[in-house]
Amino acid sequence: MNIETTTQADATKAVVEARNLDLVFPTNDGPVQALKDVNLTINKGDFVSFIGPSGCGKTTFLRVMAALEQPTGGEITVNGMSPDEARRQRAYGYVFQASGLYPWRNIARNIKLPLEIMGYSKAEQDKRVNEVLELVELSGFGGKYPWQLSGGMQQRASIARALAFDADILLMDEPFGALDEIVRDHLNEQLLKLWARTNKTIGFVTHSIPEAVYLSTKIVVMSPRPGRITDVIESPLPKERPLDIRDSPEFIEIAHRVREGLRAGHSDD
Amino acid sequence: MNIETTTQADATKAVVEARNLDLVFPTNDGPVQALKDVNLTINKGDFVSFIGPSGCGKTTFLRVMAALEQPTGGEITVNGMSPDEARRQRAYGYVFQASGLYPWRNIARNIKLPLEIMGYSKAEQDKRVNEVLELVELSGFGGKYPWQLSGGMQQRASIARALAFDADILLMDEPFGALDEIVRDHLNEQLLKLWARTNKTIGFVTHSIPEAVYLSTKIVVMSPRPGRITDVIESPLPKERPLDIRDSPEFIEIAHRVREGLRAGHSDD
Amino acid sequence: ADEVRLQLQWVTQAQFAGYYVALDKGFYGEEDLDVTILPGGPDIAPPQVLAGGGADVMLNWMPSALAAREKGLPVVNIAQPFKTSGLMLTCWKDTGITSPADFKGKTIGVWFYGNEYPFLSWMSKEGISTDGGEDGVTVLKQGFNVDPLLQRQADCISTMTYNEYGQVLDSGVSEDELVTFKYEDQGVATLEDGIYALEANLEDPAFQDKMVRFVRASMKGWKYAEANPSEAADIVLDNDASGAQTEAHQQRMMAEIAKLTAGSNGSLDPADFDRTVSTLLGGGSDPVITKVPEGAWTHSITDAALN
Amino acid sequence: MKTLIAVLTVLSVIIAFWYAACLPMNIKGVLTEAERAGAEVTPAGAKERRDLGEFGLVLDNSFAIPATWAQDRPRLPAPHQVAQELWKTTGAMVLKGKMMSKRSLFYHGWVTLSATLLGFAIGTGLGILLAVGIVHSRVMDMSVMPWAIVSQTIPIIALAPMIIVVLYSIGVQGILPKAIISAYLSFFPVVVGMVKGLRSPDGMQLDLLRTYNASTNQGFWKLRLPASMPYLFASLKIGIAASLVGAIVGELPTGAVAGLGARLLGGSYYGQTVQIWSALFAAAILAACLVALLGLIERSVLKRMGMGA
Amino acid sequence: MILVILAVLVWCGGWWLNSRLANGSHAATREVQLLVPVIFGFTLVMVWQLLVRGLMVPLVILPAPTDIASAFGANLSKLWEDFLQTFVKGALSGYVIGCSAAFLMAIVMDRSDFLRRGLLPVGNFVAALPIVGTAPILVMWFGFDWHSKAAVVVVMVFFPVLVNTVAGLRETSAMQRDLMQTYAASYWQSFFKLRLPAALPFIFNGLKISTTLALVGAIVAEFFGSPTVGMGFRISTSVGQLALDMVWAEIVVAALAGSLFYGVVAMVEKSLTFWHPSQRR
Ligand SMILES: Nc1ncnc2c1ncn2[C@@H]1O[C@H](COP(=O)(O)OP(=O)(O)OP(=O)(O)O)[C@@H](O)[C@H]1O
Ligand SMILES: Nc1ncnc2c1ncn2[C@@H]1O[C@H](COP(=O)(O)OP(=O)(O)OP(=O)(O)O)[C@@H](O)[C@H]1O
Ligand SMILES: Cc1ncc(C[n+]2csc(CCO)c2C)c(N)n1
Ligand SMILES: [Mg+2]
Ligand SMILES: [Mg+2]
């Protein structure tokens, strides 16, 4: 692999650099501007949350980062190279908005899927599957098929699938949308721990203001039509975050700022 | 219609009475106990929220009330009769977990569907469609087809559909799940107003603790495997509820009690 | 007028010229008959149509008619306008075949649908097995065209003097490239194109009378066609709804057909019947008829028709 | 546009391949004819050539190549021969004002088409009725469906003559027997598709109607039927093609008097390969037109129903 | 007349029994699900028998089931030979060749958007050709033995399998494909791990349709020339001899073989696509 570039990226610490990014979808009833003039730098080890009303381009931006969508203007580099090169170096773990498990594979084999593709050994595959199943509290469910699990369990399985291999960059699109508050809190904690341990760079889409504030080092507030970034909030919260940090005044202040940003976006409509 | 029974029910004010309700689903890998020994009384004009972890039987209980599911044990009466009789008297408006609009009907005709079935006159149909479209702020979208609307708008349309006819009992299964916080707050306010004005009885499933507390006169906390009621909290909040009531100490206290109840349910697992 | 429906055993062609002429020239009308001619084809078994009540009379080859009789459908030959058989085998000369003995080891196309029995009877007379191999012939169920010969998938195929043989020549083959074996010459000929009706119907005097008039008019048609072959061919062509027939082909067919009907006044010669039956009974294993049929023909109609 | 270019490219490749295929397919016949006409052929004698490879013969006798595309009764007619025959029996007939003459494919096409349409109507009606029954009655579902499958394993061409005779014997004749055979072939896809379609509404959509206390009738008209439309059209397209095959099969045992089937069979009796091929193409074109027509209807119906995204 | 009335009674009785079974408490069990269609079929056969006897339908029009059964019993070895010739040699080999060819073609078309655009309309056009017409041509090309029958079957099954496979290979959701993208999976990796499994329900749709087509095609082709063995040969020659009991015995063989073939493919489908909503209960 391209070790040199990676090292260089590590040095500057800028993992993702977007400059004047535009993305226009051509559709039947005219073009839709999904992203307009987006500028953003994500550094190595950042936990970046994207928040904004439905249809503001959060998913689109995540997809551009993962080279699943081609920007129509501007520039974006990932680890100093184009997103597509980064993709081919298997830099990404992606959790989609819906769980997207393959119904013909049971949970364990769904998690093995990326491992098979990337050529891990059988023994290594089994080891990792067990590890991540434990992480998302699904030990014992490896043999079940997706439709035999509740929606929340499916979500967790798809998170496990993205964590099973060593991707530098984890992109998660509303991963906890279908879960109740308690499970959600628990998984939030787990995710923070994992992030602290592995120093991954994480891009995270959510509709929940407390979740965004609780998790992130950087909160990106977006507004729709055309999708653009209206505010980028650097979180002053420490890396260690017990759940009750959510009652601290800093937390409430950031949450307030995010809510104001969101409300402004809405009144634009 | 059976005016006598209705009057009698009005007198006692008990709209729904569940006694030792059991429900077991027979499945391939053995029976699943979805509801166990559920006792609950819902009075006329109550706003009852159901909250609990995924798979605890919230949907199932709502379905039992609407006679969509047959309990395997215990008793349940609605307006003093069996749920099925109540169904035949068209006592229910039901909002499903997903919007479930018919793709071949535009929004207005989707809302007309129950009105056609119940034999309302053409003029009456049009009048009511306009009323409810206004209520959910979709005026002007009547001619659009479901796939031309965003997910949130579809949800609102399906709520409008349930409000268009005069059902005594409104059952709503996570109606606001797919919406962002700002829109959700707005619809919560609208729903409260409607409820205050019409004195309907409402059963409401949610995953959000603040939402449950903000809306309800009665909060039912459930826990899974087997699904049963662990706590029923009567809300002391007044019927008039501005949004900022959510910062009041009573509110926070109830929310705390709900959270504790939920946590207890989870640790059961 | 009395209604008569006649089921042919093949598509409209000069093989049936007599009937079309009788219709076209009004001979049927003169006899106060309203005749409908129903064309046939490979998928039509005329006896079945008769059994189903779809027709009052049919044309048929005797092997097929006798088989139907044994199967419990009592059909009776009431007239036999065709005296001689037109069936033959046509072989490539360059295969070295000069006599039936040379068939050994060769591939031969045969029509089935009941037409295979004269062939089997012939082969058993010659002592040739029909199961293939060095000492036998390989039998193919031939479709109703001459491609197997032209494509050299078979060394010999079944042809009618009036139809398929002409098609072979039409495709550019000259007569001296071919060797032919007429069933008539081999002594295994069976009666072709007889007129048959159901026994039960014939018990009804009114039906009998109708048949008498029908046979009379038909024979008049046949004799007219023999005398005016070219006009007869044109009449046939006019009656062909499929638009597939060509003038030249029908003209030649009519000329050949005239040779086959020439010797008959319509009345069945019992000697021909006996020869047909003995040929069929000599067919080796699995014969189409197992015993000499009784009452399979009658002269009562022709006697009355031809006084 | 892109599709058009792609189709044209594929077509020209197919046609080029077709012309090329005429060489080995027809060479033996051409050589035999040439030899008869007195030409030098290597090797001489049809019998000698019988077991030789076609490609070798083409190479050794390259003078005969043009003739492989111009034979009277080729094993494989060249594309232009088929096109000429098609024109001769359609366009040219119209120009001569004999559109409905017996030698015009319009006449035969119409004969087949009328039986096809009647059979299709019967088959579709029956199919929909069966599907409605199967969806609403468990007994019908469990007992009829397996036998519907069995019915399709019966070779209809074997039954066709008997069906015709049996119908004959009860006094049904004319276009109807053909239409019944064509209906037999088209009802099955319609049943299968329609059962799938009528069952396509999910539990929630059905439950919604239950909460309204809608009657079975209302459920059918307001939910099941509209939901089944896309499935219905998909199977109608298969069904109409099957109907056409049925009508052609049904023509054979009615004396092959008229219709595209009669043309096919007539061509086959007299070794007129060009006629067979042109009748085949006419049938395929007819089927393609019918399917396209259904596609148009589908588009407009679905659009009016708001499903034409 | 009594027999006709009896037939009506048998029909009503069979229907009544089935209603009881299908709406009864054991309706979901395997036995009942097998029993109900069997009872239905049995009722049908009984009614047929009674009507044929009661109305005295002649043998040459429609034989009674008992006639067919005795013809069946008396000609077992003949029927078996015909079955081998037509089903095993003709239909089965043609089915295997046709389905594999269609499958490979589908992959080629899947890899090239250009070919797919160009070939699908042409394919749909060719699929509309009535095989009755291609059969004489193919017999002319491939000879009288089973090769030409297999060729007819190949032509018949090719397009249903092709069209279904192509549609199936495109059936994956955008998200499922995107997932493969993020793994930078190669074409064949995503083919075997994603698109093929996702396409299986469609492919089996085509394979199931083709089972019935294969047998019918092989039989029909024998009408246009054959050696002196085969189901189509026997049917057409027996019609000529008015041995309708034999014709029906062959039809019974065809129906049995066809249904069995269908059943086997449906069973393979069930075991490979157990995960698909239509197979779950
Ligand atoms: N493939 C596409 N073609 C056309 N328009 C698209 C496409 N994908 C997205 N869009 C449009 O681009 C805009 C941004 O969509 P995007 O999915 O990024 O929103 P989002 O912020 O993820 O919303 P949500 O919270 O609902 O997931 C929307 O207006 C959407 O309609
Ligand atoms: N039709 C069914 N057959 C078998 N089991 C079922 C069925 N419906 C629900 N269940 C089971 O019953 C239990 C309760 O399900 P229910 O849908 O009521 O949960 P819920 O509380 O609504 O969950 P969620 O928050 O995910 O909507 C679950 O364990 C579920 O798996
Ligand atoms: C069903 C049936 N088909 C063909 C023949 C034999 N046959 C009679 S006339 C004729 C046409 C000759 O050009 C042929 C082949 C038959 N007897 N029965
Ligand atoms: Mg999104
Ligand atoms: Mg639920």
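Just so we're clear, the structure is a prediction, and the values are computed from it rather than from any experiment. The figures here come from the full heavy-atom set of this structure, side chains too, leaving out hydrogens, waters and symmetry mates. In the text below, chain A, chain B and the rest are named by the order of the sequence lines, each starting its count at 1.
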Which atom pair, heavy atoms only, marks the closest approach of E/F224 to D/L265? CE2-CD1, 4.2 Å

Toward chain D, the part of E/T134 with a non-hydrogen atom under 4.5 Å: both

Under the side-chain contact (heavy atoms from CB on, under 4.5 Å) rule, what do E/V122 and D/L11 come out as? Steps first, then yes or no, please. CA-CA 8 Å; E/V122 179; D/L11 275 183; 4.1 Å; yes

Do you know which of E/G41, E/P121, E/A257, E/G14 has the most heavy-atom pairs with chain D at a distance under 4.5 angstrom? E/G41

Atom CZ of E/F40 and atom CE of D/M145: how far apart are they, to the nearest 0.5 Å? 12.5 Å

By a 4.5 Å heavy-atom criterion (distance strictly below it), what part of E/V57 contacts chain D: side chain, backbone, both, or neither? neither

Distance in Å, E/I219 CD1 paired with D/T153 OG1, rounded so as to fall on 0.5 Å steps: 8.5 Å

Looking at every non-hydrogen atom in both residues, tell me the closest pair between E/F125 and D/A288 and how far apart they are. CD1-CB, 3.9 Å

Measuring heavy-atom distances to chain E, does D/L280 have an atom under 4.5 Å in its side chain, in its backbone, in both, or in neither? both

Heavy-atom pairs under 4.5 Å with chain D are the metric here; pick the option from E/G263, E/G258, E/S236, E/P37 that has the most. E/P37

What's the shortest heavy-atom distance between E/I235 and D/P155, and which atoms? CD1-CG, 4.3 Å

Proximity breakdown for D/S151 and chain E, heavy-atom pairs closer than 4.5 Å: neither

Cut-off 4.5 Å, heavy atoms of chain E, and the answer for D/I14 is side chain

Closest approach of D/M140 and E/W15, non-hydrogen atoms and distance? CG-CH2, 3.5 Å

Considering non-hydrogen atoms only, spot the tightest contact between E/R117 and D/V7 and give its length. O-CG2, 3.6 Å

Please look at E/L120 and chain D and tell me whether the side chain, the backbone, both or neither of the residue comes under 4.5 angstrom of a heavy atom of that chain. neither

Considering only heavy atoms, which portion of D/T3 lies under 4.5 Å from any heavy atom of chain E: side chain, backbone, both, or neither? both

Among E/L35, E/N18, E/V36, E/L34, exactly one meets side-chain contact (heavy atoms from CB on, under 4.5 Å) together with D/M142. Which residue is that? E/V36

Cut-off 4.5 Å, heavy atoms of chain D, and the answer for E/V220 is both

E/F114, E/W248, E/W141: which one forms the most heavy-atom pairs within less than 4.5 Å of chain D? E/W141

To the nearest 0.5 angstrom, please state how far the CD1 atom of E/I209 sits from the CD atom of D/Q152. 11.0 Å

Contact origin within E/L21 toward chain D - heavy atom pairs under 4.5 Å: neither

Heavy-atom contact with chain E under 4.5 Å, split by part of D/V139: both

